[in-house]
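Just so you know, these numbers come straight off a predicted model, no measurement behind them. Protein chains get the first letters and strands the later ones, always in sequence-line order, with residue 1 at the start of each.
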Protein chains: 2
Amino acid sequence: MPERLMRHEQTIVRGDCIEVLSELEPESIDMCFADPPYNLQLRDSLHRPDRSLVEAVDDEWDKFDSMAAYDRFTEAWMSEVRRVLKPNGTLWVIGTYHNIYRVGTVLMDLGFWILNDVVWIKSNPMPNFRGVRFTNASETLIWAVRDKDRKDYTFNYEHMKRYNDGKQMRSDWYVREPVCSGSERIRDENGDKVHSTQKPEALLRMVVEASTNPGDLVLDPFVGSGTTAAVCRKLGRRCLGIEMIDEYVEVARKRLAAIEPGCWLEDECPQVAAGE
Amino acid sequence: MPERLMRHEQTIVRGDCIEVLSELEPESIDMCFADPPYNLQLRDSLHRPDRSLVEAVDDEWDKFDSMAAYDRFTEAWMSEVRRVLKPNGTLWVIGTYHNIYRVGTVLMDLGFWILNDVVWIKSNPMPNFRGVRFTNASETLIWAVRDKDRKDYTFNYEHMKRYNDGKQMRSDWYVREPVCSGSERIRDENGDKVHSTQKPEALLRMVVEASTNPGDLVLDPFVGSGTTAAVCRKLGRRCLGIEMIDEYVEVARKRLAAIEPGCWLEDECPQVAAGE
DNA sequence: GGTTGCTTTGAATCTCGGT
DNA sequence: GACCGAGATTCAAAGCAAC
């Protein structure tokens, strides 16, 4: 099974992420990007001032019995990821305040060494309709190397300068591309979004360009709509994605099939810039 | 002792933060701003809450032990803060990726309910000199209410709109004032900075204006250079600050004495704006 | 073909008082 | 504690229809 996986340039495997990970060779992955469930704890329904209903994330995969259960889930998948990462491999995890503190703590406790906390600043965040908090305008990406003392992780420092006018790239990223509400958003025949939390390709592009080289093997334990694999295909990186839900697997595979490999290798990513 | 403290408009108490907190009345504080030590090498700060711990880790300061010690330290001061906060009182904690994940996890586990994670975007961050990471361009402020179901915490929603062109204020704050490198930075007779992590007054001003009303009582368990108390004095808020190190106590008290109470009440804070 | 104005929507821990 | 009704509450960008 692992043998077969490695030969493909980009592969989406259907299955439970921890089970599939346990079959993989140790120290075989160059970089892992993980977009785990955020464990949102939404209580009542929410209406906009115009009385329209906000379509909430109510997927079963985002429900956990307790914070302790979420911590155990995090530790389970992340320790498997650590096992299959090369010692100088790096892990990215994205989250919001609902889960990122739990994730960051587990990550440190497992021995990962944090390199940066990147802030994705949204140009069009959903406002706080009731006016009881600040607009939640960002998500956080933790970037960490597997082993603390490995200094030879991949970071394309000079390359990333292009996103900050030739100066050292900063950890605050402004993704001008909309938050997946445009033509990039994958919808079904009814016009409904297929996945409730699809990530923009521009964001993943920064992650992949920064921390991998062409030909590297990227792991995505929570494929969802398949953005990571799609970006890897466009940038000439290999990718192994794992997804539990049949519908998402199909969507991601179809998405991959429509992409010409390496089509992004020559140009740069115009939708992202550093702050100030 | 607590009686005497409360009568003063702004007071800096010299002493161990947990000991002083334990003498305070429960549910007497409207808002707490905490800037705890980030650096795990600050053993003096860490051994205070649990003296028996000091001997145990003295010569074996490996990473796991220091993380656990930092967590215990965090839990110690934060649970005392929770005791003295009013049920609808709020807590702000500032940190970087070195400590904010530990702090956020402890905070949730103690029962605080996160309202926002505010990102302080720096206009002049220190570059990464060796070019092995992204420039660390932000710090994180967690804002949380003591009791999950209290909706009546103080949030001056309409007031804060002034910092985003009359629209709902966002959670990404651009402090245009340099990071305390100008005349605001407190220096000794040799021109050396007195405190290594002095926070800009513009940042604290946003915190105080957003989550308190004039006359409210603010707690700062880690006074340092005294920015919180100084801003409270300028904004007509009462403040109780706690600081262990004599030199900092002196500096903060001298700083307070030079401030005309309420001098900022009329105008707004010109150095901060929302993103985009 | 370009412009204007209306409609829709996005990982959201988003009210309060009476019965 | 659940249910219900009144009342207060939103920003940016995409999509689309109309002109």
Pair [X] + [Y]: basic N to acidic O under 4.0 Å:
{"X": "A:Arg72", "Y": "A:Glu75", "value": "no"}
{"X": "A:Asp192", "Y": "A:Arg185", "value": "no"}
{"X": "B:Asp152", "Y": "B:Arg150", "value": "yes"}
{"X": "B:Lys167", "Y": "B:Asp165", "value": "no"}
{"X": "A:Arg205", "Y": "A:Glu209", "value": "yes"}
{"X": "B:Lys86", "Y": "B:Asp216", "value": "no"}
{"X": "A:Arg48", "Y": "A:Asp50", "value": "no"}
{"X": "B:Arg102", "Y": "A:Asp109", "value": "yes"}

Find the distance [X]:[atom1] to [N]:[atom2] and express it as a whole number of Å.
{"X": "A:His47", "N": "D:dC4", "atom1": "NE2", "atom2": "C1'", "value": "13 Å"}
{"X": "B:Asp172", "N": "D:dC11", "atom1": "CG", "atom2": "C1'", "value": "13 Å"}
{"X": "A:Gln198", "N": "D:dA14", "atom1": "CD", "atom2": "C1'", "value": "14 Å"}
{"X": "A:Tyr174", "N": "D:dA13", "atom1": "OH", "atom2": "P", "value": "14 Å"}
{"X": "A:Asp192", "N": "C:dT9", "atom1": "CG", "atom2": "P", "value": "9 Å"}
{"X": "A:Asn124", "N": "C:dT8", "atom1": "CG", "atom2": "P", "value": "18 Å"}
{"X": "A:Asp50", "N": "D:dT9", "atom1": "CG", "atom2": "P", "value": "15 Å"}
{"X": "B:Gln168", "N": "C:dA12", "atom1": "CD", "atom2": "C1'", "value": "12 Å"}

Hey, which of these two, A:Pro49 or B:Lys167, hits DNA chain D nearer its 5' end, going by closest nucleotide?
-> A:Pro49
Hey, could you give me the CG/OG1 distance between A:Asp71 and A:Thr105, rounded to the nearest 0.5 Å?
-> 8.0 Å
How many angstroms lie between atom CG of B:Asn88 and atom CE of B:Met31, to the nearest 0.5 angstrom?
-> 13.0 Å
Looking at DNA chain D, which of residues 218-228 of chain A put a heavy atom within less than 4.0 Å of it?
-> none
Assign a letter to each nucleotide of nucleotides 14-19 of chain C from its 5' end: B, base within under 4.0 Å of a protein heavy atom; S, sugar-phosphate only; -, no contact.
-> BBS---
Between [N] and [M], how many Å separate the two [atom1] atoms, rounded to a whole number?
{"N": "D:dG7", "M": "C:dG10", "atom1": "P", "result": "31 Å"}
{"N": "C:dA11", "M": "D:dG15", "atom1": "C1'", "result": "22 Å"}
{"N": "D:dA6", "M": "C:dC14", "atom1": "P", "result": "23 Å"}
{"N": "D:dC16", "M": "C:dG1", "atom1": "C1'", "result": "16 Å"}
{"N": "C:dT9", "M": "D:dT10", "atom1": "C1'", "result": "12 Å"}

Considering just the side-chain nitrogens and oxygens of B:Lys161, establish if one lies under 4.0 Å of OP1 or OP2 belonging to D:dT10.
-> yes
Side-chain N or O of A:Lys122 closer than 4.0 Å to phosphate OP1/OP2 of D:dC11 = no
Does [X] reach a base, just sugar-phosphate, or nothing at all? Heavy atoms under 4.0 Å.
{"X": "A:Ser183", "value": "sugar-phosphate"}
{"X": "A:Asp58", "value": "nothing"}
{"X": "A:Lys193", "value": "sugar-phosphate"}
{"X": "B:Ile114", "value": "base"}
{"X": "B:Phe155", "value": "nothing"}
{"X": "A:Thr96", "value": "nothing"}
{"X": "A:Arg187", "value": "sugar-phosphate"}

Pairing string, 5' to 3', for DNA chain C - Watson-Crick or wobble contacts under 3.5 Å, brackets [ ] where pairs cross, | to another strand = .|||||||||....|||||
Salt bridge (Lys or Arg N to Asp or Glu O under 4.0 Å) against A:Arg83, all qualifying residues, sequence neighbours excluded =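 A:Arg83: salt bridge (Lys or Arg N to Asp or Glu O under 4.0 Å) contacts with A:Glu80.
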Any donor-acceptor pair under 3.5 Å from B:Lys122 side chain to B:Trp120 backbone = no
Is there a donor and acceptor pair closer than 3.5 Å between the side chain of A:Arg48 and the base of C:dG10?
-> yes
What about A:Lys199, does its side chain sit under 3.5 Å from the base of C:dA11 through a donor-acceptor pair?
->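 Such a pair is found, so the answer is yes.
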When you measure from the side chain of A:Asn136, which nucleotide among D:dA12, C:dA11, C:dA12 comes out closest?
->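 The answer is C:dA12.
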With A:Leu219 as reference, evaluate A:Leu85, A:Thr228, A:Leu91, A:Leu21 under the side-chain contact (heavy atoms from CB on, under 4.5 Å) test and give the passing residue.
->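 Only match with A:Leu219 under side-chain contact (heavy atoms from CB on, under 4.5 Å): A:Leu21.
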Only one of B:Ile100, B:Ile142, B:Val81 forms a side-chain contact (heavy atoms from CB on, under 4.5 Å) with B:Leu107, so which one is it?
->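 Going through the options one by one, the only one that passes is B:Ile142.
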Can you label the angle between the B:Phe134 ring and the A:Trp173 ring as parallel, tilted or perpendicular, going by 30° and 60°?
->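 Ring orientation, 0 to 90° scale: perpendicular.
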Scan residues 239-252 of chain A for pairs that pass side-chain hydrogen bond (donor to acceptor under 3.5 Å, both in side chains), counting only residues two or more places apart or in two chains.
-> A:Arg14-A:Asp246, A:Trp61-A:Tyr248
Contact residues, residues 61-75 of chain A to DNA chain C [heavy atom, < 4.0 Å] = A:Trp61, A:Asp62
